[in-house]
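The block underneath contains the structure these notes are about, expressed in structure tokens.
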Protein chains: 2
Amino acid sequence: MASALESGGKNTGKLSLAGDQNNVDTVNKQGNRANKRRINEAHILQAAESIFAERGYLGATTAAIAEAADLPKANVHYYFGTKKALYQAVLDNILTLWLEPMQDIREDADPATALTAYIREKMRYTRERPSASKVFANELLHGAVHLQNHLETDLKDLVEEKARVLTSWIEKGRIKPVDPVHLFFLIWASTQTYADFDVQIAAVLGKNKIGKKEFSTAEDTIVQMILATCGLVPDNSVLNQDK
Amino acid sequence: MASALESGGKNTGKLSLAGDQNNVDTVNKQGNRANKRRINEAHILQAAESIFAERGYLGATTAAIAEAADLPKANVHYYFGTKKALYQAVLDNILTLWLEPMQDIREDADPATALTAYIREKMRYTRERPSASKVFANELLHGAVHLQNHLETDLKDLVEEKARVLTSWIEKGRIKPVDPVHLFFLIWASTQTYADFDVQIAAVLGKNKIGKKEFSTAEDTIVQMILATCGLVPDNSVLNQDK
DNA sequence: TTATTTCTTGACCAATTGGTCAGGTTTCAT
DNA sequence: ATGAAACCTGACCAATTGGTCAAGAAATAA
């Protein structure tokens with residue numbers, strides 16, 4: 001399949017950020033190219049994320065993405081070349097979002113505080129970016145062929161680094177012994193399930209969709225579970241954002 | 001789309017189970033129709049589960065399923081009519097498997113024993129039927145349009161019944177207070193993640209695939225976590241099947 | 001203004017896909 | 001043995017899909 005770069009006129013090296021045309025009228029009217037490009041690309045990426053989440057990579061059609069972005073299909077191809085390249089772009093954005101919250105788990109932090117904050121951050125992502133979570137889940141579910149390198153390098157390294165933090169906490173008796181890597185797996189599974197499998201959860205709860213109250217209960221239950229697993233008591237300074 | 005019944009000659013009401021031809025030779029040579037039908041249908045269902053797991057409902061092709069079943073495509077359509085009907089058949093089988101293990105959570109059981117057994121049973125399903133787990137996950141991920149009724153009736157009723165068991169355990173002080181319904185969500189998420197997102201887990205563990213040892217650690221970690229959440233001590237009479 | 005580059009899009013195409021069907025083969029009941 | 005029912009499958013078809021393209025519009029640079 002063609003590479004993203006052999007398509008359209010994208011990436012010509014120009015950086016004319018508003019240039020000298022930065023009076024309000026011109027900018028508001030999206031009078032310059034770079035601006036319009038940014039807006040269109042963002043629209044397409046957002047539409048693509050939503051369609052890929054709904055139907056998966058193979059099930060999604062560029063026509064559906066174009067319609068969701070309110071642009072002609074040929075325009076979508078002009079900006080991103082191929083469906084695969086567009087999917088990669090969506091996926092790269094998501095992976096960045098996905099890795100971010102882990103950074104705050106540090107040796108010098110308080111275990112209960114850091115773990116609680118990590119869970120609450122993961123739940124914020126679940127609430128605010130359910131489509132992103134679903135695209136990522138779908139990619140993993142079908143073998144992560146568009147993500148394999150990242151998993152085996154970026155993700156693996158990051159998890160190993162953070163697992164060492166947990167191990168050191170265990171050695172110092174700050175948390176009870178528990179397999180640190182598997183603890184991460186279980187935090188991911190627990191938080192993401194509320195985005196990825198929301199229909200199942202909503203159905204069991206007898207709701208049309210998961211509401212604020214249910215997200216709040218979910219979040220508290222997960223925190224309770226992970227802290228109990230580590231033999232910790234709650235840190236109430238890290239607030240549940242749904243309350 | 002056409003209903004499954006308007007296709008082929010399936011379901012003619014005949015029940016000629018081996019009839020009077022039940023000498024060994026005849027049966028071994030699959031000499032009778034009902035037998036061959038059963039075998040072919042099973043092959044197709046198995047192939048379909050595997051292909052649907054790999055590619056999702058929309059991404060799967062009847063040609064790929066036929067090839068995996070080592071049958072001509074027209075034959076697959078002869079047996080199951082449409083792709084949708086075949087998918088429904090696969091899904092119905094899976095839902096049965098999925099609901100089964102929950103039955104053993106009963107009021108009169110020992111909480112630690114029952115919860116441990118439930119987790120170990122769920123992990124057995126994860127290890128032995130990863131494709132089934134993936135098909136189910138994929139269906140939920142994309143809105144459960146082929147499963148909605150079951151979720152809102154069968155599953156909801158069963159979970160509510162079993163949640164009442166947990167509630168009664170809580171009231172009697174046999175386990176610590178925890179939201180029973182969300183506890184189920186977290187057990188499902190924790191156990192299924194090792195099937196659905198196996199590539200991610202394998203990548204982080206630096207393995208090609210999750211091995212016996214890792215499954216064993218996973219299982220023990222989940223049991224440890226759920227029991228800690230419920231304020232219970234391990235019941236070592238329920239053995240980890242991977243050890 | 002004018003030349004150049006970038007952007008836009010309707011129309012089109014080759015490949016794939018779910019599904020059909022006719023005509024032949026096998027199995028079964030009588 | 002024989003007719004009927006069930007089974008099998010190569011060949012085919014209409015619909016969908018990812019992707020292309022040419023011709024024009026719009027923005028920018030000279």
Side-chain angles (χ1 to χ4, degrees), chain A residues 1-4 6-21 26-27 29-41 43-44 48 51 55 57-67 69-87, chain B residues 1-4 6-21 26-27 29-41 43-44 48 51 55 57-67 69-87:
Chain A
M1 203 174 275
S3 106
E6 84 181 43
S7 74
K10 198 172 63 165
N11 291 329
T12 48
K14 296 215 175 187
L15 294 175
S16 56
L17 286 164
D20 46 7
Q21 297 205 13
T26 319
V27 170
K29 282 177 183 164
Q30 302 153 26
N32 71 68
R33 287 229 235 275
N35 213 25
K36 189 170 187 186
R37 176 172 273 278
R38 232 176 299 124
I39 289 169
N40 276 347
E41 284 181 350
H43 269 157
I44 294 169
I51 299 294
R55 314 196 196 171
Y57 172 63
L58 291 168
T61 65
T62 54
I65 292 168
E67 199 192 326
D70 202 28
L71 288 170
K73 189 182 69 156
N75 204 317
V76 170
H77 278 96
Y78 173 74
Y79 276 108
F80 286 93
T82 64
K83 175 178 162 182
K84 189 175 177 180
L86 173 55
Y87 183 64
Chain B
M1 202 173 278
S3 109
E6 85 182 42
S7 74
K10 200 171 61 163
N11 292 328
T12 49
K14 296 215 176 185
L15 293 177
S16 55
L17 285 164
D20 45 6
Q21 299 204 11
T26 319
V27 168
K29 282 178 183 165
Q30 304 153 26
N32 71 68
R33 284 228 235 278
N35 212 26
K36 190 170 188 189
R37 175 173 273 278
R38 233 176 298 122
I39 288 170
N40 276 346
E41 283 181 349
H43 270 158
I44 295 170
I51 299 294
R55 315 195 194 171
Y57 172 64
L58 291 168
T61 65
T62 54
I65 292 168
E67 199 193 326
D70 202 28
L71 288 170
K73 190 182 71 159
N75 204 317
V76 170
H77 278 96
Y78 174 73
Y79 276 108
F80 287 94
T82 64
K83 175 178 162 183
K84 190 174 176 179
L86 173 54
Y87 183 65

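Below, read A as the first sequence line, B as the second, and so on, with proteins coming before strands; counting in each chain starts at 1. These numbers come from the heavy atoms of this one structure, side chains and all, not from hydrogens, waters or symmetry mates.
D/dG18 atom P lies 16 Å from atom CZ of A/F80, rounded to whole Å. Distance, B/I65 CD1 to C/dT17 C1': 12 Å, rounded to whole Å. Rounded to a whole Å, the CG atom of A/N35 is 18 Å from the P atom of C/dT6. Atom CD of A/E41 is separated from atom P of C/dT8 by 11 Å (rounded to the nearest Å). In this structure, NZ of B/K83 is placed 12 Å from C1' of C/dG19, rounded to the nearest angstrom. If you measure from atom CD1 of A/I39 to atom P of C/dT6, you get 20 Å, rounded to the nearest angstrom. The separation between A/Y57 atom OH and D/dT17 atom P is 14 Å, rounded to whole Å.
Between A/T61 and A/K73, every side-chain heavy-atom pair lies at or beyond the 4.5 Å cut-off. A/K36 is not listed as a side-chain neighbour of A/I39, based on a closest heavy-atom distance of 4.5 Å or more.
For the pair B/K84 and B/Y57, the NZ or CZ position fails the cation-pi test of under 6.0 Å to the six-membered ring centre and within 45 degrees of the ring normal.
Distances from the side chain of A/H77 to the nucleotides C/dT26, D/dG19, C/dG19 place D/dG19 closest. Candidate nucleotides C/dT26, D/dC8, C/dT8 were compared by shortest atom distance to the side chain of B/Y79, and D/dC8 ranks first. For A/K36, the listed nucleotide lying nearest its side chain is C/dT8; candidates were C/dC7, D/dC8, C/dT8. For B/T82, taking side-chain heavy atoms from C-beta onward, the closest of the listed nucleotides C/dT5, C/dG19, C/dT8 is C/dG19.
When heavy atoms are screened at a 4.0 angstrom cut-off, A/A66 is found touching no nucleic acid atom at all. Among the heavy atoms of the strands, none lies under 4.0 Å from A/A64.
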Each nucleotide N or O in nucleotides 9-13 of chain D that has a protein N or O under 3.5 Å away: list the pair and distance.
from: D/dT9; atom 1: OP2; to: B/N75; atom 2: ND2; distance (Å): 2.9

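In this structure, A/R37 does not reach the C/dT6 phosphate: none of its side-chain N or O atoms is under 4.0 Å from OP1 or OP2.
A distance of 10.5 Å separates CZ in B/F80 from CG in B/N75, rounded to the nearest 0.5 Å.
The base of C/dT5 lies close enough to the side chain of A/R33 for a donor and an acceptor atom to sit less than 3.5 Å apart.
Residues that satisfy the side chain to side chain donor-acceptor pair (under 3.5 Å) test with A/N40, not counting sequence neighbours, are A/Y79. The side-chain contact (heavy atoms from CB on, under 4.5 Å) search around A/A74 returns none, not counting sequence neighbours. Legend: residues meeting side-chain contact (heavy atoms from CB on, under 4.5 Å) with B/A48, ordered by chain and number and at least two apart, are B/F52, B/I65, B/L86, B/V90.
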